[in-house]
2 protein chains.
Amino acid sequence: MRISEHPPSSKNRSELTRQALLDSATRLFGKHGFDATSNRLLAEHAGVNQALIGYHFGSKEGLYEAVFEHIAERLSSHLAPVLLPIESELQALTGGERDTAKSDVKKRCVNAISTLLENYVCIINFPEFEDSARVIVREQLDPSNAFEIMWNKVMHKYMTALTLFICLSKGRTAPDQSDRLMSITLMGQVLVFRVARASINRHMQWEEPHGADNLEKIQLLIRSNIKKILD
Amino acid sequence: MRISEHPPSSKNRSELTRQALLDSATRLFGKHGFDATSNRLLAEHAGVNQALIGYHFGSKEGLYEAVFEHIAERLSSHLAPVLLPIESELQALTGGERDTAKSDVKKRCVNAISTLLENYVCIINFPEFEDSARVIVREQLDPSNAFEIMWNKVMHKYMTALTLFICLSKGRTAPDQSDRLMSITLMGQVLVFRVARASINRHMQWEEPHGADNLEKIQLLIRSNIKKILD
DNA sequence: AAATATTAATCAAACGATTAAATTAGTCAA
DNA sequence: TTGACTAATTTAATCGTTTGATTAATATTT
């Protein structure tokens, strides 16, 4: 009986190393920050030689930026199936339909916003995105080139959609500053669960990591708050 | 004519050095993080010799913890005049008065919560607290002993008061998990303006730092959201 | 004179980066 | 299938810097 897996080709070997380094870097950069993470620790954690950071990514900073490309792709592909119906809904509300009742528009907008933010709750709280979210937060505290990557590839589209729905829910068609401000306060209600986790675990008397029940409670509260704020 | 200022006594000289180091440390630790800030840069920024970090604070970590003691004191003394009437209001609502109308209780609670959060908006946005807020956020991403200081001296009292008002506004007297969760989402609406500033400046098309008009708009929106959520 | 505070110089350790040598994979003629 | 050649990848060792910490000498204050 033959082992079904191919023996690692050169391309596979290289890709495996890159992936191991990207994963370790996301974890360690997220947990401790760029400067607190040494190349040696990074390599040890990935199970590879530390010179391979230079070989595959040019430098430590190269690896850092590659982490953001990597995260941006993962987030995009996670958000794609969510954004697809959202954006067709957006087009239906802005262009296609003319005789939609006002109250119906508002209801559909609030629904869309809830969908967006509940998905954001997942990204913020799922263990698989935990490190990614931390890396992004750190980058925002002291932005470099890497922030551009994240903003252009993921955030911009998300924030724009959210803001547009808020605008539409108020019966207008062109978003203004108050809509954008509102979108930020809505995002904040979710983001806080990643950023202030140390305080939250104290305040809620949770032990990390909190489970699915807590996640559901958070989603319910967010949905309820959105409804109250926008209705 | 004599110079009116005292010549620096030894105590003054020592205290001046400590203050200069604490200020620089707050700024640089907040901006770039603990590990990205070297003792040499710290000392240069403070205009003192780098060996004085060891002399006055024992070590770099000693300075870091001293920064948190320092920040905790500054925040406490800034919050004291805010919390004083708030806590007497709290006592009035929980203990003293018996014949207060329900609608009146709710109104007073919402008012108290607005006061607390508007003050939080100031702390988050005032330039004089900017670095402090950043240091605290960084610490929450990877908590050490320093977080204990901040939680015990400032955050705990603030969060407890906020949660209790939320609970009272619902006509109950003992806060439960849903009240605590609500307090977190309220905090999040404000906190986001410090944490996600890079994204916000993009989204709002602001140039940093944003002025007093923006601050007022934020406060108005927060107050409006609180009212809608809690009514 | 004694205590306190500051300075310049130096320590070993850890840092990111780079090197030359070794190993592995892919290609192709025989 | 084999063996030889090339390219890609990995390894161990070392480079010059920078790090936090410490020292002994100096300056200041009491």
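Here is how names work: the chains are called A, B, and so on, in the same order as the sequence lines, proteins then strands, and each is numbered from 1.
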Whole angstroms only, please: what is the CD1-C1' distance between B:I53 and C:dA5? 15 Å
How close or far is atom P of C:dA5 from atom CG of B:N12, stated in whole angstroms? 11 Å
Partner set under side chain to side chain contact (heavy atoms under 4.5 Å, CB included) for B:D142, not counting sequence neighbours: A:K31, A:H32, A:R138
Tell me the interatomic distance from B:R13, atom CZ, to D:dT29, atom P, rounded to whole angstroms. 5 Å
Just checking, any donor-acceptor pair under 3.5 angstrom between side chains of B:R197 and B:N125? yes
Distance, rounded to the nearest Å, where B:L16 contributes CG and D:dT29 contributes P: 12 Å
So, with a heavy-atom separation below 4.0 Å from DNA chain D, the residues of residues 17-38 of chain A are A:T17
Sequence-distant partners of A:T17, side chain to side chain contact (heavy atoms under 4.5 Å, CB included), two or more places apart: A:L21, A:V48, A:L52, A:H56
Length of the line joining B:L52:CG and D:dT26:P, which is rounded to integer Å: 18 Å
In this structure, how many angstroms lie between the P atom of C:dT6 and the OH atom of B:Y55, rounded? 7 Å
Counting just side-chain N and O atoms, does A:N39 come under 4.0 Å of either OP1 or OP2 of C:dA17? yes
Partners meeting ring-ring contact (aromatic ring centres under 6.0 Å, His included) with B:F57 (sequence neighbours left out): none
One should read off an interatomic distance between B:D131 CG and B:I71 CD1, to the nearest 0.5 angstrom, of 8.5 Å
Taking only N/O atoms, report every protein-nucleotides 12-16 of chain D pair under 3.5 Å with atom names and distance.
residue, atom, partner, partner atom, Å
D:dA12, N7, A:N49, ND2, 3.4

Atom CG of A:L42 to atom P of C:dC15: distance rounded to whole Å? 11 Å
Go through the structure and list residues passing salt bridge (Lys or Arg N to Asp or Glu O under 4.0 Å) with A:E69, not counting sequence neighbours. A:K153
Main-chain N/O of A:T37 paired to A:K60 side chain as donor or acceptor, under 3.5 Å: yes
N-O pairing of B:R134 and B:E130 below 4.0 Å: yes
Does B:S59 make a side-chain N or O approach to OP1 or OP2 of D:dG20 shorter than 4.0 Å? no
Under 4.0 angstrom between B:H56 side-chain N/O and C:dT6 OP1 or OP2: yes
Side chain to side chain contact (heavy atoms under 4.5 Å, CB included) between A:V121 and A:I222: does it pass, once the steps are laid out? CA-CA 9 Å; A:V121 171; A:I222 297 290; 4.2 Å; yes
Using whole Å, what does the distance between atom P of nucleotide D:dT11 and atom CD of A:E44 come to? 14 Å
